[in-house]
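Scroll down for the structure; my scribbles are underneath it.
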Amino acid sequence: MMDVGRVCVKIAGRDAGKQCVIVDVVDERHVLIDGLTRRRKCNLMHLEPLAVVVDLKKGADHGAVVIALKSVGIEVPEVKKGTKERKKNPGRPVKQKVKHEKVAKVKKAPQVEKKEAPKKAAPVEKKVEEKKPEEAPVKKE
Amino acid sequence: MVAPRHRSRTKRRVFVRTPKGGSTLTFRIRKPSPARCPVTGEILKGVPREIPSILKNMPKSHKRPERPFGGVLSGRAMRRLFISEARAPQQQEEE
């Protein structure tokens, strides 16, 4: 009954309720499983066999297990290592905190009134008067 | 003589040692009863029995086991559920 290729349902542990395939028989009580569950050794007491058998080689890798389960109608989602798919609940809207930047108070230097330099008067244009010819002095007789 | 409003047994009485060396009487809320499975009736494991003010500050992983129906059904009830679900389509085919 519990041979390589038998599709089972895990009934204990964190993966309880998920479908898996027997990949290898370790000893009388333990088998190696893979599929929707983690690839690891499992006790036969924690498995419930189904009436489905899949063509699978002993010790097949995860890729072959995915293809074999797909032929039966069980899709194994791809999970990237290092990332957890977390359900995002809408929840309460988060208020955005407004950061008020602290402006350092700078003491202003006292304003010195600039004295304006006296304005220079515009140069007066010197008018060059035409010199009249000097009249000869009139001799008095 | 305890004041009339403190004679109720819903709160438990605790004698507390004061820094001066004396002791005073204080009243504290009682812990709730342990959680039980609705199917089998046995006490659920991994579920702490604490007052709400302490329970709400505990992380989620400390309040229930990490398995389907953890903190709701016992391990035995959960196994029976998954076994019956796995055998149900096979029984329908036989019929």
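We name chains A, B, ... by the order of the sequence lines, and we start the count at 1 in each one.
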> Is there any residue in residues 13-41 of chain B with a non-hydrogen atom under 4.5 Å from a non-hydrogen atom of chain A, and which ones are they?
Replying inline: none
> Under 4.5 Å, heavy atom to heavy atom, which residues of residues 64-80 of chain B contact chain A?
Replying inline: B:E66, B:R67, B:P68, B:M78, B:R79
> Under the 3.5 angstrom rule, does the side chain of A:D61 hit a backbone N or O of A:A64 as a donor-acceptor pair?
Replying inline: yes
>> Working to the nearest 0.5 angstrom, can you tell me the gap between A:Q19 CD and A:T37 OG1?
In response: 10.0 Å
> Hey, quick one: are A:M2 and A:V9 part of the same hydrophobic cluster, counting side-chain heavy atoms closer than 4.5 Å, chains of contacts allowed?
Replying inline: no
>> List the residues meeting side chain to side chain donor-acceptor pair (under 3.5 Å) with A:S71, not counting sequence neighbours, and say none if there are none.
In response: none
> Looking only at atom types and distance, does a side-chain atom of A:R6 sit under 3.5 Å from a main-chain N or O of A:M1, one as donor and one as acceptor?
Replying inline: yes
> Is A:E48 salt-bridged to B:R87, cutoff N-O under 4.0 Å?
Replying inline: yes
> Any donor and acceptor pair, going by atom type alone, linking the side chain of A:D27 with main-chain N or O of A:H30 inside 3.5 Å?
Replying inline: yes
> Should we count CZ of A:R40 as having more than 12 external heavy atoms under 6.0 Å?
Replying inline: no
>> Holding to side chain to side chain donor-acceptor pair (under 3.5 Å), I want the full list of residues that pass it with A:R39, two or more places apart in sequence or in another chain.
In response: A:D34
